[in-house]
Amino acid sequence: MAYYFKETSHTFNEYLLVPGYSSSECVPANVSLKTPLVKFKKGEEPAISMNIPMTSAIMQSVSGDRLAVALAREGGVSFIYGSQSIEDEAAMVARAKAYKAGFVVSGSNITPEGTLADIIALKEKNGYSTVAVTEDGSENGKLLGIVTSRDYRVSRMDPATKVKEFMTPLQKLVTADESTTLKQANDIIWDNKLNSLPIVDANGNLKYFVFRKDYDSHKSNPNELLDEQKRYVVGAGINTRDYAQRVPALVEAGADVLCIDSSEGFSEWQKLTIDWIREHYGDTVKVGAGNVVDRDGFLFLAEAGADFIKVGIGGGSICITRETKGIGRGQATALIEVCEARDEYFEKTGIYVPVCSDGGIVHDHHMTLALAMGADFMMLGRYFARFDESPTNKVNIGGTYYKEYWGEGSNRARNWQRYDLGGDKKLSFEEGVDSYVPYAGSLKDNVALSLSKVKSTMCNCGALNISEFQQKAKLTLVSATSIIEGGAHDVIQKETSLGTSK
C-alpha cells in the first residue's frame, strides 16, 4: 500500500508571520542578509557566502551573462543556463568573469562594412549602446573605431548607411594599453571626459572596455559579490549527462559554483555526477543538487556530497510537472520538512548544508516566508525574467510591455537533459509553458525594493539577520477567508493616472 503523508501540502500563501518583540535597534538599515551559499563545518566559514539571499534560475529566459553581472553587483549569484552548447555556456561564464575590476570584454561588435540597421539590431538584441568596430567583427579583433548613440540619428539616416561612414574612427579615440591599471584607466576617462576607454594590445587588437558608468556603479554597490581577484562571482548549470565534458570547460572559464539542473534530484544520476566531480576536483569545485521535496531526498543528496540542496517540484510559475506527471508538493510544506532535516543533519554531523527554496514565490512577502521557514536563499525565475538584464526580448502587447518567459521543460527550451531518466535524448512531453511576464525595468531597483520589504518584516519579528529570524519567527496557517481579508476589500479603489488600481 502506498505511503500517505498525514499533513496537507501547503503553499506560501497559506501562511502569515506573527510579529514578535522588536527593540529600537531593529531598523532595516541594521539588518544583514548575508547567507551561506555552500556547505561548511561547524565553527568554520563557508567558502562562498552571498550578501543577499537571492540566486537566479538556471533558465534560458533568465540567466545570461548580463544578468549574472547585475545580480552579483547586488550581492547575489546567477546560475547561467546549461541548456546550450558547452562552448556557449563557457563563453557566457567567461564574459561575466571578464568584468574583472571594471575591465569588460566587448559584448557588441561589428565590421566597418556593417550597416546602421545592423547597429540598431545589435542594440535591440543586447542593450549595449557602445559597439566596437573591429576588422573581423570579433570582440578581440583589430580595433578600427567605435559606434555610440552620439554617432547616428535613426530618424535622419538611411538604415543602409555603412558603419565606416559614421563611426568614430580609431585616430579620434583615446585608448590605453594592456598594462593600464583600473585606477589609471579611470583617471584617463575623467581627464578626457570619456564615457568609455578601449584597452588594446601591442598589435592594436581590442582587449577590453573600461566604462565611466561602471566606476560609478562600483561605488554605489557596497554589496557586490567578488572573488579573490575582484571578479564577480558567477554560477553555472550542469546536467547529469555530459558533466565529464561540461564541468572542466566551466571551471576553466572561471565558474565559482555549479548546480545540477534537474526537475527531480532524488536519483542515482545526481550521485554519479557529484562522485565524478569529487573524484576529479575534490572539494575545490562547489556543486549544488536537487530538486527534492522531503527529508529522504535531502539526506540522500547531503550524503552524496552536495554543497547546497534545492527544494521544490512543480511550484514554478511556468512549471506544469504536477499537472502532467502528478508529482510534487506544496512549496511551504516541502521547505519546512527539508529544513528540519538539514538542522538535524547539522546536529548529527557538524556539517551545515544550505537549503535553496526554488519555486512558488509569487509575491515579495513569499521570500520572507521562505527565509522564516528555514531557507538560506531562494532561486527565482519569473522574478528575474521581468528585468532589463534578462536575455529575452521586450515586446509591446496592447500598449503594455512584457518580457518573454519560457520553462526549461517547454519545447522551446528543448532541455531534455533536465528531465532525463536514461532514455532517448529527447523531450518526450512538455513540463513547462511558453509565456510572457510584465516588464519591470532594472534589476537593481526591483531587488532593492523587494529586499527592503524583507528587512522591514524581519524587524517586525525582532531579527537583525537571517539566522536570528529563523529562530524567532512565528508562523500561522490561515484560512481561505483570512487570505481574502488580507487584501483590499469592501472598498471602491481609486484609479491612478495610469488607469490601474493602487
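Hydrogens, waters and symmetry mates play no part in the numbers below; they use all other heavy atoms, side chains included.
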Original post:
Quick one: salt bridge (Lys or Arg N to Asp or Glu O under 4.0 Å) pairs with a partner in residues 150-161, sequence neighbours left out?
Top reply: none
Side-chain donor-acceptor pairs under 3.5 Å in residues 25-38, sequence neighbours left out?
unit_1, atom_1, unit_2, atom_2, d
Asn30, ND2, Glu25, O, 2.9
Ser32, OG, Lys34, N, 3.3
Thr35, OG1, Asp376, O, 2.7

**OP:** With sequence neighbours excluded, give me every ring pair (Phe, Tyr, Trp, His ring centres under 6.0 Å) pair touching residues 59-93.
**Re:** Phe79-Phe308
Original post:
Out of Lys97, Arg231, Lys286, which one pairs with Asp256 under the salt bridge (Lys or Arg N to Asp or Glu O under 4.0 Å) rule?
Top reply: Lys97
Original post:
Counting distance only, does the side-chain N/O of Asp118 pair as donor-acceptor with the main-chain N or O of Thr115 below 3.5 Å?
Top reply: yes
**OP:** State, without any angle test, whether Ser83 and Gln60 hold a side-chain donor-acceptor pair at a distance under 3.5 Å.
**Re:** yes
Subject >> Listed partners of Lys162 passing side chain to side chain donor-acceptor pair (under 3.5 Å), at least two apart >> reply: Glu113
Original post:
So, does Glu124 use its side chain to make a donor-acceptor pair with the main chain of Ala121 at under 3.5 Å?
Top reply: no
**OP:** Scan side-chain atoms only and decide if Thr148 and Ser129 contain a donor-acceptor pair under the 3.5 Å cut-off.
**Re:** no
Original post:
If only atom types and distance count, is the side chain of Ser390 paired as donor or acceptor with the main-chain N or O of Arg386 below 3.5 Å?
Top reply: no
Original post:
How close do Lys172 and Thr168 get, heavy atom to heavy atom, and via which atoms?
Top reply: CB-CG2, 4.0 Å
**OP:** Write down the atom of Ala375, the atom of Cys339, and the distance for their closest heavy-atom approach.
**Re:** N-SG, 3.7 Å
Original post:
With a 4.5 Å limit on heavy-atom distance, are the side chains of Ile52 and Leu71 in contact?
Top reply: yes
Original post:
Hey, mind stepping through Ser56 and Ser63 against side chain to side chain donor-acceptor pair (under 3.5 Å) and telling me if it holds?
Top reply: CA-CA 6 Å; Ser56 67; Ser63 298; 2.6 Å; yes
**OP:** Please answer whether the main-chain N or O of Gly462 pairs with a side-chain N or O of Ser22 as donor and acceptor at a distance below 3.5 Å.
**Re:** no
**OP:** Write down the atom of Thr392, the atom of Ala385, and the distance for their closest heavy-atom approach.
**Re:** OG1-O, 4.3 Å
Subject >> Residues Thr457 and Asn460: side-chain donor-acceptor under 3.5 angstrom >> reply: no
Original post:
Within 45 degrees of the axis of the six-membered ring of Tyr439 and under 6.0 Å from its centre: does Lys394 put its NZ or CZ there?
Top reply: yes
Original post:
Among all residues two or more places apart in sequence or in another chain, which pass the side chain to side chain contact (heavy atoms under 4.5 Å, CB included) test with Ser450?
Top reply: Asp364, Met367, Tyr383
Subject >> Closest approach of Lys207 to Val200 (non-hydrogen atoms, all atoms of both residues) >> reply: CG-C, 4.2 Å
**OP:** Kindly indicate whether the side chain of Gln331, heavy atoms from C-beta on, has any atom under 4.5 Å from the side chain of Ser357.
**Re:** yes
**OP:** Please confirm whether the backbone N or O of Gly82 pairs with a side-chain atom of Arg246, one donor and one acceptor, at under 3.5 Å?
**Re:** yes
Original post:
How close do Pro198 and Leu143 get, heavy atom to heavy atom, and via which atoms?
Top reply: CB-CD2, 3.8 Å
Original post:
Quick check: does any side chain N or O of Tyr436 sit under 3.5 Å from a backbone N or O of Lys403, one acting as donor and the other as acceptor?
Top reply: no
Subject >> Residues in ring pair (Phe, Tyr, Trp, His ring centres under 6.0 Å) contact with Tyr208, at least two apart in sequence or another chain >> reply: Phe103
Original post:
When rounded to the nearest 0.5 angstrom, what distance separates CZ in Phe377 from CE in Met379?
Top reply: 7.0 Å
Original post:
Testing Leu443, Leu67, Val234 for side-chain contact (heavy atoms from CB on, under 4.5 Å) with Ser78, which one passes?
Top reply: Leu67
**OP:** Grab the two heavy atoms, one from Leu369 and one from Tyr15, that are nearest each other, plus how far apart they are.
**Re:** CD1-O, 3.7 Å
Original post:
Are the side chain of Asn221 and the backbone of Glu74 linked by a donor-acceptor contact shorter than 3.5 Å?
Top reply: no
